[in-house]
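For reference, the structure discussed in these notes is given below.
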Amino acid sequence: MRPDRDCMSQAEPPRVERLLKCNRGIYGAVRGSSPCARWHCPPANLLPSLLQGPVQESTMAAAAPAVHARCAVPHTVFDITIGMPIATHGARDTTTFKARGRTIIAGLTRLALSNLTTSWVTTSTEQHLSGTAQCTHTAGADASADAGTITDRAHDELTLKMTVGVRSENGDPFYASMQRLVTRALDGSELPIRHVQCVQRAATAGNRNFPVDTGREPGPGTTAAVLDGGNVGVRVLLAVARGAAVVVPAAAAAASAASHAVLLDVARAGNPVYGFTVGVGLNKDRQLFEADGELTEECLAASREFQLQLLRSHSAGAGPDLAVETVRLAMSIRLNTLLVGCGGVQPRVVDLFVELLNRGVTPAVPSVGSVGEADIVLMAHIGLAMAGEGHAYTAAGHRLPAKEALAAVGIAPLVPFAKDALTILSSNAVSIATAILALEKVDQIVEVAGSVIGLSLEGMNGNIAPFLPQTNVARPYPFIQAASASILAGLDRSYLWSASDDRALQDPLSFRTSAAVLGIVVKARHELRDALELFLGASDDNPTIVVGEGPSHRDSTQVAKYFVETGGVIPSANFNVLPVVVAVEAMSNCLANFSCNAVGRCTQLTNGCFTGISRFLAAPQNTGHAFGAVQRVYLDLHVRTVTIANPVSIHGLPCAGGMEDTYTNLLLAATNLATIADNVTAILGIELFFAAQAVDIRGARDGTLALGTGTAVMHIAYRNVVPFADVDRQCTSDIAASTKFVATWVMPSVLV
């Protein structure tokens with residue numbers, strides 16, 4: 001390791017240069033999972049914290065009573081200069097060239113979102129790139145230039161200067177080479193680039209040239225997560241689920257309040273409003289009251305009574321209570337989607353969400369009862385607890401009647417009104433929360449999978465040919481190429497790169513196809529994350545409230561029925577979460593395929609005919625059965641996975657008097673995904689158990705065999721947890737320890 005050299009060095013060692021060429025695109029959102037980031041040298045000033053363990057991430061922002069200022073998030077700032085000859089460029093004015101510059105910035109943004117990753121701490125990194133561009137013209141000796149016009153001369157040059165700031169969710173100032181990122185942005189642009197220069201400045205905190213969306217990522221060293229209805233990152237909500245406080249900016253609260261005002265205006269105009277002036281579901285034809293231009297006290301009383309009845313009648317579920325973490329996550333999701341400004345709740349509802357989260361009062365919500373067209377009967381328990389009925393957990397974990405739990409922390413119960421009850425309960429927040437928690441488990445699987453596969457290859461004395469660039473360029477699926485590059489990066493300096501007469505020309509398929517199977521897992525993971533994060537910054541309300549003019553087709557008499565001067569209340573199907581459930585089911589299917597491969601590798605590692613070492617991985621002095629019986633464990637886990645990996649979104653029967661005749665079953669699909677991820681984690685733990693045993697047996701035979709740079713790091717760390725099995729012993733504890741290791745281990749981001 002060279003602590004005096006960071007990733008921006010102009011004289012990188014050849015080995016690092018080789019690793020930097022790996023395609024990082026599909027690994028961008030995983031903590032330390034990039035095949036490049038794993039082996040980069042961090043800046044010298046970061047080494048002490050790295051060697052002590054993962055940097056503790058912070059997802060909090062300074063708490064404020066009402067308004068939260070823009071948070072100061074550290075940036076790494078780059079000055080980028082791009083020069084090109086005018087004669088071949090063909091742009092005759094600075095305006096055209098500036099437009100090209102904006103295109104380049106857009107390209108850099110896309111690449112940054114998919115390719116940059118912090119080195120060691122984030123489980124769900126989201127880098128954001130912003131910049132400014134200016135254009136200058138340098139004329140050749142025989143050229144002249146008028147103001148705003150560039151003369152077409154062979155030696156003239158246009159220079160695009162950009163200042164680009166990049167930030168990470170945890171404020172980490174360490175990134176892969178921006179020079180390479182710029183080059184990639186320019187590739188294929190058909191611009192005749194003469195030179196590119198990229199200079200890294202020192203990291204800045206809260207650089208005002210690059211304002212940060214407060215809803216995305218609170219700054220380090222602060223105490224609360226900011227929710228404002230924006231496309232908030234998953235990590236922010238997970239921090240709230242695990243105890244962080246929340247802050248709602250005044251502007252976001254005002255947006256929600258504005259939708260409530262529109263709702264009242266539409267009701268006063270005498271227009272039927274679903275869930276407010278008329279009933280819900282099949283009872284949509286039942287008018288609750290008629291405003292006649294005014295919401296009288298009689299109207300208000302009727303509304304309050306109906307809203308409370310709605311919460312009571314829909315609070316119906318089965319099964320044990322959901323974990324507090326899951327409910328807090330669901331509450332934070334619902335709060336952020338309310339702040340989009342389409343829900344129409346009274347301001348007190350937003351305040352109550354904040355108070356409950358910040359004072360540790362969590363409604364008791366059952367775990368069964370959703371068909372995936374909004375978690376109606378589950379979310380109703382949150383609204384019921386807000387009203388002082390039902391049950392809730394205190395910060396100390398005590399389950400109390402909700403009225404007592406609220407009173408203990410000084411919270412006045414909600415008096416629901418207008419559309420409060422419907423808006424609280426008509427949400428998919430519980431299912432989305434379950435999917436997010438499942439996705440977090442998938443992230444960890446991707447974090448460790450490449451290294452486990454690499455160690456298995458070393459245990460097998462496997463052939464690296466299927467992972468070579470020369471092999472994969474013939475069928476250039478990017479996600480397979482990236483997975484192959486990740487596996488090879490971990491095997492850098494491995495003995496597998498040296499020819500061996502004992503090595504098979506073709507390994508079993510579970511080894512040869514492992515990059516393809518890992519690649520589809522990561523691809524599906526990205527697609528699921530995209531679907532979830534779009535949901536988090538959007539509204540799933542029905543009806544949808546529009547503040548102001550609203551969408552097109554306003555001239556239609558049908559559309560005009562939904563609007564008044566201040567906005568409209570429009571029936572919608574935004575509660576349907578098919579885009580998310582399809583991604584969840586695809587993720588389950590991909591993990592089941594990965595499970596199949598992992599099981600195959602486990603079985604072949606115990607087969608001496610393939611490995612050339614002992615049967616069942618018995619140590620030389622072991623005359624017993626070794627790991628033979630363990631096969632039953634991972635086979636059981638795999639069969640359990642296969643039985644729940646099939647789609648569930650197409651199953652169901654009509655309900656609600658026939659009004660609700662479709663379903664997505666997102667909660668069941670997400671629950672299945674979480675179970676599958678747990679099963680795969682355990683199977684990977686067993687594979688690691690076998691692979692470590694195999695390389696130790698092989699290493700004892702030939703002490704000159706070297707493990708790869710990455711696989712050696714994992715092997716050493718694992719052996720500190722699970723020792724070599726020199727004789728038969730009970731393996732239950734080893735399997736549990738191996739599973740925990742896979743579920744928690746993070747590859748150190750230092751170049752070994």
Item checked: side chain to side chain donor-acceptor pair (under 3.5 Å) between Asn428 and Asp540, worked out -> CA-CA 8 Å; Asn428 295 280; Asp540 61 345; 3.2 Å; yes
Next item on the list: Report yes or no: does Arg399 contribute a side-chain atom to a donor-acceptor pair with the main-chain N or O of Ala392 at less than 3.5 Å?
Entry: no
Item checked: Salt bridge Arg525-Glu440, side-chain N to carboxylate O under 4.0 Å -> no
Next item on the list: Compute whether any side-chain donor of one residue and acceptor of the other, for Thr662 and Glu373, lie under 3.5 angstrom apart.
Entry: yes
Item checked: For the student: nearest non-hydrogen atoms of Tyr562 and Asn271, plus distance -> C-ND2, 4.4 Å
Note to self: Less than 4.5 Å apart, side chain to side chain, heavy atoms only: is that true for Pro366 and Leu378?
What the structure shows: yes
Item checked: Close side-chain approach of Glu533 and Asn231, heavy atoms under 4.5 Å -> yes
Notebook entry, point to check: Side-chain contact, heavy-atom cut-off 4.5 Å: Pro320 with Ser367?
Noted result: yes
Item checked: Closest heavy-atom pair and its distance - Ser426, Asp541 -> O-OD1, 4.4 Å
Check: Short question: side chain of Asn336, backbone of Gly229 - any donor-acceptor pair under 3.5 Å?
Finding: yes
Next item on the list: Apply the test side chain to side chain contact (heavy atoms under 4.5 Å, CB included) to residues Met386 and Phe353: give CA-CA distance (whole Å), side-chain angles for both, the deciding distance (0.1 Å), then the verdict.
Entry: CA-CA 8 Å; Met386 286 179 165; Phe353 269 107; 3.4 Å; yes
Check: Does some side-chain heavy atom of Ile445 sit less than 4.5 Å from a side-chain heavy atom of Thr681?
Finding: yes
Next item on the list: Kindly indicate whether the side chain of Val349, heavy atoms from C-beta on, has any atom under 4.5 Å from the side chain of Thr423.
Entry: no
Next item on the list: Any chance you could lay out the side chain to side chain contact (heavy atoms under 4.5 Å, CB included) test for Arg529 and Asp443, step after step, and finish with the verdict?
Entry: CA-CA 10 Å; Arg529 186 181 303 281; Asp443 286 341; 2.6 Å; yes
Check: Does some side-chain heavy atom of Val248 sit less than 4.5 Å from a side-chain heavy atom of Asp228?
Finding: no
Next item on the list: Please determine if Glu389 and Lys403 form a salt bridge, counting it only when a charged side-chain N lies under 4.0 Å from a carboxylate O.
Entry: no
Check: Under the 3.5 angstrom rule, does the side chain of Lys441 hit a backbone N or O of Asp678 as a donor-acceptor pair?
Finding: no
Check: Is there a donor-acceptor pair closer than 3.5 Å between any side-chain N or O of Asn672 and the backbone N or O of Ser588?
Finding: no
Margin query: Does Ile333 form a side chain to side chain contact (heavy atoms under 4.5 Å, CB included) with Ile436? I'd like the steps, not just the answer.
Written below: CA-CA 11 Å; Ile333 291 168; Ile436 287 174; 4.0 Å; yes
Notebook entry, point to check: Distance only, no hydrogens: is a donor on one side chain within 3.5 Å (strictly under) of an acceptor on the other, for Glu585 and Ser649?
Noted result: yes
Extract all donor-acceptor atom pairs below 3.5 Å that involve side chains of residues 302-309 and protein atoms in other chains or at least two apart in sequence.
| unit_1 | atom_1 | unit_2 | atom_2 | d |
| --- | --- | --- | --- | --- |
| Ser303 | OG | Ala418 | N | 2.8 |
| Arg304 | NH1 | Glu297 | OE2 | 3.2 |
| Glu305 | OE2 | Gln309 | NE2 | 3.4 |
| Gln307 | OE1 | Asp420 | N | 3.3 |
| Gln307 | OE1 | Ala421 | N | 2.7 |
| Gln307 | NE2 | Gly275 | O | 2.9 |
| Gln307 | NE2 | Ala418 | O | 2.6 |

Checklist line | Partner of Val234 by side-chain contact (heavy atoms from CB on, under 4.5 Å), out of Leu237, Leu238, Val236, Val232 | finding: Leu238
Check: So, His381 side chain and Val377 main chain: donor-acceptor pair closer than 3.5 Å or not?
Finding: yes
Next item on the list: Test Phe563 against Val266 for side chain to side chain contact (heavy atoms under 4.5 Å, CB included), laying out the working first.
Entry: CA-CA 7 Å; Phe563 281 87; Val266 172; over 6 Å; no
Next item on the list: Working to the nearest 0.5 Å, report the span between OG of Ser332 and CD1 of Ile432.
Entry: 12.0 Å
Notebook entry, point to check: Is there a donor-acceptor pair under 3.5 Å between the side chain of Glu355 and the backbone N or O of Ile411?
Noted result: no
Next item on the list: State the CG-OG1 distance between Leu339 and Thr337, to the nearest 0.5 angstrom.
Entry: 8.0 Å
Next item on the list: Identify the heavy atoms of Gln346 and Val415 that sit nearest to each other, and give their distance.
Entry: NE2-O, 3.0 Å
Margin query: Using side-chain heavy atoms (C-beta onward) and a distance below 4.5 Å, is Phe575 in contact with Asn542?
Written below: yes
Check: Shortest non-hydrogen contact from Gly388 to Pro413?
Finding: N-CB, 4.0 Å
Check: Between Arg334 and Asp375, is there a side-chain N and carboxylate O pair less than 4.0 Å apart?
Finding: no
Checklist line | side chain to side chain donor-acceptor pair (under 3.5 Å) between Asp265 and Thr566, intermediate numbers included | finding: CA-CA 7 Å; Asp265 289 343; Thr566 56; 2.8 Å; yes
Margin query: Looking at His398 and Thr394, would you say the former's side chain and the latter's main chain have a donor-acceptor pair under 3.5 Å?
Written below: no
Next item on the list: Mark yes or no for whether Ser259, through its side chain, and Ser256, through its backbone, hold a donor-acceptor pair below 3.5 Å.
Entry: yes
Check: Do the non-hydrogen side-chain atoms of Val546 and Val262 ever get within less than 4.5 Å of each other?
Finding: no
Check: Do you know which two heavy atoms are closest between Pro416 and Leu311, and how far apart they sit?
Finding: CG-CD1, 4.3 Å
Notebook entry, point to check: Looking only at side chains, do Asn574 and Ser539 share a donor and an acceptor under 3.5 Å apart?
Noted result: no
Item checked: Main-chain N/O of Ala244 paired with Arg328 side-chain donor or acceptor, under 3.5 Å -> yes
Margin query: Using every non-hydrogen atom in the two residues, find where Leu437 and Thr326 come nearest and quote the distance to one decimal.
Written below: CD1-OG1, 3.5 Å
Check: If you round to the nearest 0.5 Å, how far is OG1 of Thr277 from NZ of Lys419?
Finding: 11.5 Å
